[in-house]
Novice: 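Got a structure here, written out as structure tokens. Questions coming.
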Amino acid sequence: MKNPVRVLAFLMLCLCGVLSAPAGAAPLLDAPDRVARGDAFLVLASSPQPVQRFVFSWGGKDYAADAYQEGEQWQAVILLGMPLEEKQAARTLTVRGGTESASARIAVFDRKRPVQKLTVDRKYVSPPADVMARIREDRRKVARALAIYSSRRSWTVPFVRPVEGGISSQYGLRRVFNGQPRGFHKGLDLRSPEGTPIKACADGVVTLADNLYFSGNAVYLDHGLGVVTAYLHMSKILVRPGESVRRGQVVGLVGATGRVTGPHLHLSLFAQGQSVDILPLLEKVEKR
Ligand SMILES: [Zn+2]
């Protein structure tokens with residue numbers, strides 16, 4: 001410790017240790033060290049002192065979560081997302097509980113995202129001019145559904161698997177429609193015959209139930225803390241906007257409406273407006 005800079009750094013470390021020492025004053029933050037672009041991850045905040053709510057700062061925004069008591073601890077669990085298009089190599093997550101806060105640095109990495117080539121009706125690759133206004137209005141409706149935030153959590157993981165069918169298309173595939181690149185596949189496609197009942201992944205409220213140009217008959221459910229699931233291409237919608245649904249309740253029937261190559265369920269998960277992969281959070285299917 002002859003180097004004065006190192007001595008200073010050592011003293012500062014000691015000082016920081018002393019300052020954060022008051023037992024249990026700062027909340028504890030349990031989060032993964034690294035998360036892949038496009039993945040969701042669970043974060044647990046806890047405090048030995050009574051806290052009404054925790055506020056998580058992620059991607060430049062604050063998300064409040066009501067705390068609940070678990071033994072001697074006050075806790076909150078939130079599901080956050082690492083954007084598929086995240087440019088940074090690491091992100092900082094901060095949680096505040098009462099007057100204290102704690103932070104974690106989360107490294108970002110990439111999964112392999114294969115290319116998938118599909119052929120669909122021309123009108124879905126180069127939409128006719130007269131539907132452009134409708135497509136813009138659809139985007140506004142979806143944006144409104146995704147902007148809803150409540151500090152109460154109604155979801156639990158794993159999520160109910162809405163239909164039993166296998167996977168026909170993974171989340172995050174880079175898609176090429178009729179030879180033209182069209183970004184990532186932001187959902188999970190589950191194989192299922194037309195008319196199959198689709199179950200809600202978790203308790204929630206219907207925030208959008210409408211026919212959209214690309215998505216066909218679509219239902220969006222808000223599950224609290226910014227967690228939203230969406231069910232697309234239905235043949236029939238069986239719920240109405242504003243309606244509360246229970247985990248496992250049927251919200252519609254599998255179909256082939258919108259931009260599709262055949263009947264299937266396109267299932268999407270959003271965390272605070274970010275599209276993320278739902279597959280790791282779904283119930284495992286029993287092989288029969
Ligand atoms: Zn899909």
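Each ligand, and each atom within it, is numbered from 1 in the order the structure gives.
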Novice: Considering the options Ile237, Leu232, Leu253, Asp210, which one meets the side-chain contact (heavy atoms from CB on, under 4.5 Å) requirement together with Asn217?
Specialist: Ile237
Novice: Report whether any nitrogen, oxygen or sulfur of His185 sits less than 2.8 Å from the Zn ion (ligand 1) (N, O or S, backbone or side chain).
Specialist: yes
Novice: Provide the atom name of the closest N, O or S atom of His266 relative to the Zn ion (ligand 1).
Specialist: ND1
Novice: Tell me if the aromatic rings of Tyr124 and Phe177 count as close, with their centers under 6.0 Å from one another.
Specialist: no
Novice: Could you give the distance from OG (Ser275) to CZ (Phe184), rounded to the nearest 0.5 Å?
Specialist: 10.0 Å
Novice: Of all N/O/S atoms in Asp189, which lies nearest to the Zn ion (ligand 1)?
Specialist: OD1
Novice: Determine whether Val35 and Leu79 fall in the same hydrophobic cluster, where Ile, Leu, Val, Met, Phe, Trp and Tyr are linked whenever their side-chain heavy atoms lie under 4.5 Å apart.
Specialist: yes
